Each structure stands twice: as C-alpha cells, then as structure tokens.
Amino acid sequence: MSQSVHVHAFCDLLDGGGVVDDPEQIATYTTDQRQLFTGSTFAVLKPATTKQVADIVRVAARQSIGIVPQGGNTSYCGGATPDASGRQIIVSLERMDRIREVDPVSMSISVDAGAILKNVQDAAATAGLLLPLSLGAEGSCRIGGNIGTNAGGLSVVRYGMTRDLLLGIEAVLSDGTVVSDMRKLRKNNTGYDIKQCFVGSEGTLGIVTGAVLRLAPLPIRRATAWLKLAMDAPLAELLALVRRESADLLTTFEFMTARSIALASEAMTNPPSVRAGAGGTVLAEFASSSRHLDLDGLMEAVLAEAIESGWIEDAFLAQSGSQRTAMWEVRETIPEGEKRRNGSVKHDISVPLSSIQRFLDLAGSQVRSYDADLELSVYGHVGDGNLHYNVLVPPGVDRIAFTKRIESGLSLQLYDTAAALDGTFSAEHGVGRFKKHLLERYGDVGRIAAMRRIKTAFDPADIMNAGAMVRPLGKGSAS
Ligand code: FAD
Ligand code: MLT
Ligand code: ZN
C-alpha cells in the first residue's frame, strides 16, 4: 500500500488537524534535540483522544508501520526521532494536554500524557500542592516523555524521579489494547506493577496516554544557599552533613564548576556576581510547607558547621526571591551556555555517592592525557550521584565530527571509569538510538535478556519505536 493511502487511512481516523504530511511542517519533528540526527517520516499524527491513539496503533500494526511516540522532543538520546527508513510515523501527544483532575485530598493529579510539565506543576500549585518534578526543559517536555525517560531533574534528592511519582497510568499497547489503570492508590499489590514497565521504556512498549502523579505539600518557605567549595571538598560527606543536620529538608544539592558557571553567566542578560570557590559551587535548598520552621536559621547553622569543617570557603544565603531566582537561573542556564559556545559532548554518568570524588579524579586525568587542551563543563545533581561531565566543543570546530571523535574514544574511557566504580553511562537521559551500543557494552547480560523478553511480550512485531533501546527476541541482536 502506498504512503498516500496510509495517510488517507489515518485522516479518516483523526479529524482535520490530526495529520501532518507537509514536509516543511514534518521537519520540525524529525531532528533530535541535540541536532545530531535527522530521521524521516511520511506523517506526524496528532490524536486528540485515547481512542484515536488506539485506532492509529491498530491500523499501523496491520500495515506494519512503525510508531515513534513523541512528547516535547527535548530528550537527549534520539529516542523521539524516527529512523531514516521513512517507514515509521511519529505519534505526537501534543493535542492530548488536558489536566483531567486534581484531587487535593488524595494529593494526586490526573493528566493526559501530552500535558506540558510546567502546566501540570501550575495546576497542582493552584490547588496548593507541589508536583515535585522540575527540570530545565519543563516549559516544553510532556508527561508522557517524562515517563518515557524516567526524568529526574532538580529535586530528586528529596522526592525521587518520575518513577517515584507515578501512581496510575493509561496506555495503548502495540495491538491497540488500552491499559486503563488511572488509579490514585499508593498501595496496590495485585500483581505485576504494569505502570512501572512504561517508566524509562522510551516508547518501546506502548504509548502512554494518561498518568496519575503523586503530589506533595506546597513549600511556602525556602532557604537557598550558594556554597563556595574549598579545593577537593568531599562532596558526599558535605551532602551527608547537610541532609543530617537539616533533618532531610534538603530539596536540591546541585554541583557546578567555575567553567559551567561562567558559560551560564555569558548566556544571561543579568548574571549575578556570585562566584565559585576553588572546588566549585553547590546550590543547596531547603523547602518546607510549614510556617513553623525557621529555614534560614537552620541553613545558617548547617553552613557554619560546613565552614568549620573546612569543606566550604564561604556561603551566601539568598536574602530575597530575586536573589534566589538569580542563583537558580545560573544553574538552569548551563545547558544553554554550552549550546551557545558550540555545544558539548554530554556524559550523563552516575556513580555511588561514595565514589563521586574518585570519579572526578580519575576522569580528570583521563581527559588531560587524552588531550590537555580539552575544556570541560562539569555540573549536575550530585545529591543523586549524577554528574553531567561534559566536554566542550571548541569554538569554530565542526560539532558533529568532534562529537563522533570524542564519543568513539574519550567517552568510552569515561564510561569505563564510571562502570568500574559501579556506576552507569546514563543516569537520567536514557538510551534512545544514540546509546544502544553502550547498553550492549555495559549492560548485564541477564538484564538485557530480561529487557528483550519484556519487549517481546509487549511488542513482538517491533512496531513501537523500533531501533531505540532494545529489540525483541528473534529480531537480530539486542539493539
Ligand atoms: P521526548 O523527547 O518527546 O521523548 C522521550 C522518549 O519518550 C522517546 O523515546 C519517546 O519515544 C518517548 N515518549 C514520549 N512520549 C511518550 C508517550 N506518550 N508514551 C510512550 N513513550 C513516549 N532530563 C532529566 O531527566 N533531568 C534534567 O534535569 C533534564 N534537564 C534538561 C534540560 C534541558 C534544557 C533539556 C533540553 C533537556 C533536559 N532533560 C532532562 C532531558 C529531557 O527534558 C527529558 O528527558 C524529558 O523527560 C523528555 O520529555 P519529552 O516530552 O521532551 O520527551
Ligand atoms: C541538566 O541537568 O541541566 C540537564 O539534564 C543536562 C543538560 O541539559 O545537558
Ligand atoms: Zn540533569
């Protein structure tokens, strides 16, 4: 059957605005966030209801057309991008963006999977509650994509990743079956936890169409501090001190090196005057929903202890909302700062907290002996053992050629180091199309076999995002 016949079949299923087959419009969906790869498709479908998603999947399955689910297309590993065959359609959830229900008593929110993260946060806040998932892309990423990648972000140290916030799910399987499990239950031991299969599945098991997320009390007080680290400050010990002495009120513990701060400052209109210490900076924040806690006093006491221990040179406590915003803006502008300079080769590693310092030491020597002229931008969610250990693309150099060179050489050395320390090559950004070879290289054989069995059970014909992450059994090698 020709592609135009397929397009007609999909037009019959969706109303006028639901099928995009104009090449110019399609082009905005086929390149990945980092602009490393452009795929090909004959149509982007934008269903408006779960039934339409199920109808699309049934037709696609009958015609052996592959499906790539897409949310905000902000992910970093090419998982939301179709391959070059032109045989996969993109199913964008952008028209399914309703907030279905906020339940302040159960402390949950039910949404369409195409809802933009920021809109879900705002809906929760309007009801006096917090959706504790926050990341730089929150203005454009969508809940289905957050589930697909198990997004982490800036408050994992307190609230966990997307996985920890998911109470219920609605999803369409590869034969059009709808899983309707939009329950608000914290406890439900009635067999396999199917919703968790979709978390981090990167569109390879089905299309998530709805989700119920757990909310928390909305903080009304925050204490935000900029810690100037002493040279070789022990990050894990500092984190342990801050957690213990704050009675775990810590919501953020973000590490930034001076280079990353400088990149962010260059990209900001009004950068604050704060500087890093000799060992970098930690942005730490306490948050509380209680009026009765003196968070500033608590933060001052904790910082005094850290200064006394010699781990920090100095610290600034934000004295106003605008000072807090400025500190946060520095952290959140780092990816943009890297991009403006000519981009970076990203290494989203994590190691056990006890090995963070060791990783920094070993990786530093590896970079110096690979090429002493390379510049790094190192920052990340150290509270979660997660570092963005990024190699900056030198200005004027071809970004893609440089990325390929680093990824086939130095990157593997860095990942080997993370693996030797019992860490991982992808802490939060996923596997997608770009990191499949790393999953094969570093993944436990038994774990990959189990992943392939799950893929086979959900999607034996490999309709759902074929070419991303893992293949079903009987379809060649793992990836
Ligand atoms: P997409 O990129 O559209 O898709 C991601 C994957 O999920 C794809 O494999 C796709 O097929 C699948 N998918 C999408 N929708 C569905 C669905 N409805 N059903 C099934 N599968 C689906 N990530 C973090 O974890 N922490 C951060 O701090 C962070 N910061 C970022 C900052 C910036 C500036 C940017 C650009 C990105 C950042 N990211 C971060 C990465 C990215 O934002 C997250 O991975 C996000 O969760 C992706 O959501 P999305 O809607 O854009 O998904
Ligand atoms: C972040 O933490 O800012 C992102 O995950 C890293 C990035 O955007 O490169
Ligand atoms: Zn991150």
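From a predicted model like this one, the values you see are computed outputs, not experimental measurements.
- Checked for salt-bridge contact, Arg331 and Glu285 miss the test: no charged N lies under 4.0 Å from a carboxylate O.
- Ion pair Glu336/Arg340 flagged as a salt bridge, since at least one NZ, NE, NH1 or NH2 atom sits closer than 4.0 Å to an Asp/Glu carboxylate oxygen.
- Judged by distance alone, the side chain of Ser155 and the main-chain N or O of Tyr159 form no donor-acceptor pair under 3.5 Å.
- The ring-ring contact (aromatic ring centres under 6.0 Å, His included) pairs that include a residue from residues 66-98 are Tyr76-His429, where partners are two or more places apart or lie in different chains.
- Taking the charged nitrogens against the carboxylate oxygens, Asp398 and Arg405 have no contact shorter than 4.0 Å, which rules out a salt bridge.
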Begin with the C-alpha distance, continue with both residues' side-chain angles, and end with the deciding distance and a verdict on side chain to side chain contact (heavy atoms under 4.5 Å, CB included) for Thr251 and Leu249. CA-CA 6 Å; Thr251 48; Leu249 288 174; over 6 Å; no
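- Judged by distance alone, with hydrogens and angles left aside, the side-chain atoms of Thr257 form a donor-acceptor pair with the main-chain N or O of Val378 at under 3.5 Å.
- Residue Thr30 is tested with Val44, Asn73, Val68, Ile90 for a side-chain contact (heavy atoms from CB on, under 4.5 Å); the sole match is Ile90.
- Side-chain atoms of Glu329 and Thr325 form no donor-acceptor pair, as typed in the model, at a separation below 3.5 Å.
- Taking the centre of each ring, Tyr389 and Phe359 come in below the 6.0 Å mark.
- Donor-acceptor pairing under 3.5 Å is lacking for the side chains of Thr149 and Ser75.
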His381 vs Val156, test: side chain to side chain contact (heavy atoms under 4.5 Å, CB included). Steps then yes/no. CA-CA 8 Å; His381 321 286; Val156 172; over 6 Å; no
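- Considering only residues two or more places apart in sequence or on other chains, Lys118 meets the salt bridge (charged side-chain N to carboxylate O under 4.0 Å, His left out) condition with Asp122.
- Under 4.0 Å is where a charged nitrogen must lie from a carboxylate oxygen, and between Arg100 and Asp112 at least one such pair does.
- With respect to Glu94 and Lys46, a salt bridge is recorded, a charged nitrogen being found less than 4.0 Å from a carboxylate O.
- Residue pairs that meet the ring-ring contact (aromatic ring centres under 6.0 Å, His included) test with at least one member in residues 250-286, sequence neighbours left out, do not exist here.
- Side-chain contact, Asn390 with Glu338: a donor N or O sits under 3.5 Å from an acceptor N or O.
- Among the candidates Val208, Leu45, Val172, the single residue satisfying the side-chain contact (heavy atoms from CB on, under 4.5 Å) test with Val53 is Val172.
- A side-chain donor from one of Ser320 and Ser322 sits under 3.5 Å from a side-chain acceptor of the other.
- Ring geometry for Tyr379 against His388 counts as tilted: the plane angle lies between 30° and 60°, on a 0 to 90° scale.
- For the residue pair Thr31/Thr38, the side-chain donor-acceptor check at 3.5 Å is satisfied.
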